[in-house]
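Right, I'll just put the structure down here and ask away after.
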Amino acid sequence: MHNSETTDKERLEQLNRKYLNIIRAIHDGLLIVNAEDLTIDEVNLQLEKMTGFSGEELKGEPFFKLHPPEFEKILHKTIRSILKKGEGLIPEIYLLTKNGEKIPTEVTFSKFFMGDKTYILMLMRDIQERLSIQKKLYRLNRLYRVLISINEQVVRSKNKNELYDAVCRIIVKEGGFKFAWIGEIEDEEHITPIAYHDVAFYYKNIEERLVRFAKEDLVGFIKNLKQNGRVALSEKSEMPSMPQKLTVAIWHDKERVGIPLHQGKEIRAILKIYTDETDAFTEEEIRLFKEIADDISYAITMLENKEKLEYISSFDLATQLPNRHFLKERIDLAIYSAHYTKEAFALILIDIDQFKLINNTFGYGFGDKVILYVAEHLKQLIRPKDILARYDSDEFAILYFDVKNEYELINIVKRINDICAELLFIDEEELYVTLSVGISLFPKDAKSSDDLRMAAETALKNAKEQGGNTYLFYSKEFNTTLQTSIQQQNELTKAIHNGEFVLYYQPQIDLESMRVCGAEALIRWNHPEKGMIPPGNFLPHLEESSLIEKVGEWVISEACRQILVWQNEKIDIHIPIAINISPKQIIRNEKFFHELLKRVKQSGIDPSFLHVEITESLIMENLELATKGLSLLDRFGIQSAIDDFGTGYSSLYYLKKLPVHILKIDRVFIKNVPESEEDCAIVNAIVSMGKSLKKLTIAEGVETKQQLDFVKESGCNIVQGFYFAKPMPAAEFERFFHTFHENPSI
């Protein structure tokens, strides 16, 4: 009996040792949990290694201690299921270590009995390596999808910018990356961001930040590429027709990667990709990035070659201007658009006279330089919306849009004809070059593209048959208008030369003192045969030509001369004279204000006796130029007024800043006061604004007692109009001045 008990005891100890050895030998972490109170009963050596806890530290503790709190709910649910079914699995759950680290594990649960107690066996397998492999495979699959999508986009993209935008979008949307952008390399110091995606949640003011990133991030990268072989593209494809493969190392760190995009042997751009994932840029992923870079680079090369071919088919390589084919397409488009907009436009053909003789005399290289000279000067004449093209070897064409009237067209045609008015110096040779111009209009002269071109060519042919150096419209009516305009300008030129212009003066009355406080100088044309011609009949012709500048200079000098005459002791008229400045004088001459000051200084007058009036629209359309010019005059004591105030669109903010002293209320608002409530409100508002801004107000066009009473009651400072006097010659003004002061009630 004793021997039998000893044998059983030894067998039990052997089984126990075997059981413990099996537990300790298991590669996975093992945990035995008491099913009644869910406390730890036994652990193996592997679990101790995984967690850092000893078995003694864990025994008797709740097994939840080994998992983050957020998993407690799912563990309770799993335990209840195991107690019913006998087994279970949680494919991924974190195991907490003693130092707070989290280890991803797969946990297998089994229920077993020992005596009258129920236990749960938990096997915990470390799946970090498996997850890492899965994650890498997942990322690689994403990159393969990116590669496929980019290849599909390469086929669809029509231009480089479209491809760049799509690449950035695909990388973020399909690649799962945080952010992607592309910067084009201008030189080592300048990288221009041109495409990006998806930054709504990532950066504010993204464009500004990208410019900064380009400078801070990539300039050093580009320099490094150069030092390490910027053009290290020696790896050849097996197929001779395929492009070289990119062998230059891709730059990356934990959060971002920089991928050079190349054309041939030149790095053209950088693709920058950002990620939230750790260890995102493995060797295999970098290899895929290189493939992506090669595919994009190849596509860019193909697209740019396609663009070059399209450019060659639509543009003249010598002048870089659109060619005849391109022009025809634009004419067709303009005609289609005009059916809806109802806009008129013109086709202007320009031919260099005797160009064949120039080539034969001086050589074709010289002739090319004449072509370039004319092309450059024509570029300066057209507006941004117009199209200049090279129509033939020695011909140009202008598609001139939105024609308002014949004077506008005549003006541009005259300016074209004046391009070669002066002697040309080319390659130390001197010669005069003249131009012939033919013009047709849509829809007046033709309704189709071909007919419009034929009409312009007919007009050009007629101009050349008249000896060249002239311009003709296809329309006889326009040619009649043109002849009238030429005749008018010839007469105006003679008028300037013969001194036929005179200044009339209209008094300005101070409503507080009822004295003449100033005068506006108004130009008149004293024609030797037609008599006195009002300004409305000749000023538009002056302004459409360069003659306005010569007449404007004369007005300044004549006004200064008259000021000196009136300040003579015998006449004793000490009032300022206001002169009108044409918008053309300022727009065509950037030095206008400096030249005005020079004339005033040379005249010897006190600058405070000369005022200038500039229209509201001119100021607002040329705000910077007008502000600088008026500030210059103000520093020298010359006051300025805004003419026709209220008819334009002045910003109150800029009006406050402008160095103007007087607001002239336009006569259109005075004409119907006090009958018109709207005009009364406008006048009162302008006067109130003037007071707030500490500027004087002048009411123009006051012709009745009712108008005078209204503007006086509104608080206007000065009036001017037929109620007191019409514009008059200087001698008559002198008599009016002295008579009015003797009897202000006149």
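Since the structure is predicted, the reported quantities are computational estimates derived from the model, not experimental observations.
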Exercise for the section: Using a cut-off of 6.0 Å, state whether more than 12 heavy atoms not belonging to E56 lie near its atom CD. Expected result: no
Problem - Main-chain N/O of L123 paired to D28 side chain as donor or acceptor, under 3.5 Å - result: no
Handout entry: E106 side-chain N/O to R125 backbone N/O, donor-acceptor pair under 3.5 Å
Key = no
Fill in the blank from the handout: Here the pair of heavy atoms bringing F401 nearest to R383 is O-NH2, 2.6 Å
Handout entry: Any donor-acceptor pair under 3.5 Å from T51 side chain to L47 backbone
Key = yes
Handout entry: Heavy atoms of other groups near K385 NZ, more than 12 under 6.0 Å
Key = yes
Exercise for the section: Decide yes or no on side-chain contact (heavy atoms from CB on, under 4.5 Å) for I182 and K272, but give the supporting numbers first. Expected result: CA-CA 6 Å; I182 295 175; K272 197 76 179 293; over 6 Å; no
Problem - Sub-4.5 Å side-chain heavy-atom contact between L271 and I171 - result: yes
Exercise for the section: Measure the spacing between CZ of F64 and OG1 of T39 and express it to the nearest 0.5 Å. Expected result: 11.0 Å
Handout entry: Other residues, nucleotides, ligands: >12 heavy atoms within 6.0 Å of K59 NZ
Key = yes
Handout entry: Nearest heavy-atom neighbours spanning F315 and N323
Key = N-ND2, 3.4 Å
Handout entry: Other residues, nucleotides, ligands: >12 heavy atoms within 6.0 Å of E129 CD
Key = no
Handout entry: Min side-chain heavy-atom separation L58-E48 under 4.5 Å
Key = no
Exercise for the section: Go through I103 and Q128 one step at a time and tell me if the side-chain contact (heavy atoms from CB on, under 4.5 Å) criterion holds. Expected result: CA-CA 7 Å; I103 300 173; Q128 288 184 90; 3.7 Å; yes
Problem - Side-chain donor/acceptor of Q320 to backbone N/O of L317, under 3.5 Å - result: yes
Exercise for the section: Answer yes or no: is there a side-chain heavy-atom contact under 4.5 Å between P104 and I127? Expected result: yes
Handout entry: Side-chain heavy-atom pair P322, L327 within 4.5 angstrom cut-off
Key = no
Exercise for the section: Please round to the nearest 0.5 Å and tell me the distance separating atom CZ of R330 and atom NZ of K328. Expected result: 12.5 Å
Exercise for the section: Show the numbers, then the answer: is there a side-chain contact (heavy atoms from CB on, under 4.5 Å) between I335 and F345? Expected result: CA-CA 9 Å; I335 290 174; F345 64 89; 3.7 Å; yes
Completion exercise
Between the CD1 atom in I32 and the CD1 atom in I40, the distance rounded to the nearest 0.5 Å is 11.0 Å
Completion exercise
Minimal heavy-atom distance between H67 and M124, with the atoms involved, is NE2-CE, 3.6 Å
Problem - Test side-chain hydrogen bond (donor to acceptor under 3.5 Å, both in side chains) applied to E36 and N34, step by step - result: CA-CA 6 Å; E36 186 176 338; N34 189 321; 5.4 Å; no
Problem - R145 backbone acceptor or donor facing S149 side chain under 3.5 Å - result: yes
Completion exercise
Rounding to 0.5 Å, atoms CD (E184) and CG (N161) come to a distance of 7.0 Å
Exercise for the section: Ignoring hydrogens and angles, tell me if any N or O in the side chain of K694 forms a donor-acceptor pair with the backbone of K691 under 3.5 Å. Expected result: no
Exercise for the section: Determine, stepwise, if the pair L66 / E61 fulfils side-chain contact (heavy atoms from CB on, under 4.5 Å). Expected result: CA-CA 10 Å; L66 291 175; E61 294 289 325; over 6 Å; no
Practice task
For K77, look at atom NZ and say whether over 12 heavy atoms of other residues, nucleotides or ligands are found less than 6.0 Å away.
Solution key: no
Practice task
With the side chain counted from C-beta on, respond yes when K102 and P68 share a heavy-atom pair under 4.5 Å apart, and no when they do not.
Solution key: yes
Exercise for the section: Please report the closest heavy-atom contact between F53 and T97, naming both atoms and the distance. Expected result: CE1-C, 4.0 Å
Listed pairs under 3.5 Å, donor-acceptor, residues 80-94 side chains, sequence neighbours left out:
none

Practice task
Could you tell me the separation between the CG atom of L75 and the CE atom of M122, rounded to the nearest 0.5 Å?
Solution key: 6.5 Å
Exercise for the section: Please report the closest heavy-atom contact between V172 and A180, naming both atoms and the distance. Expected result: CG2-N, 3.8 Å
Fill in the blank from the handout: Nearest heavy-atom approach of T105 to L95 is CG2-CB, 3.9 Å
Handout entry: Neighbour count above 12 (heavy atom, 6.0 Å) for K628 NZ
Key = no
Handout entry: From E72 atom CD to F63 atom CZ, the distance as rounded to the nearest 0.5 Å
Key = 8.5 Å
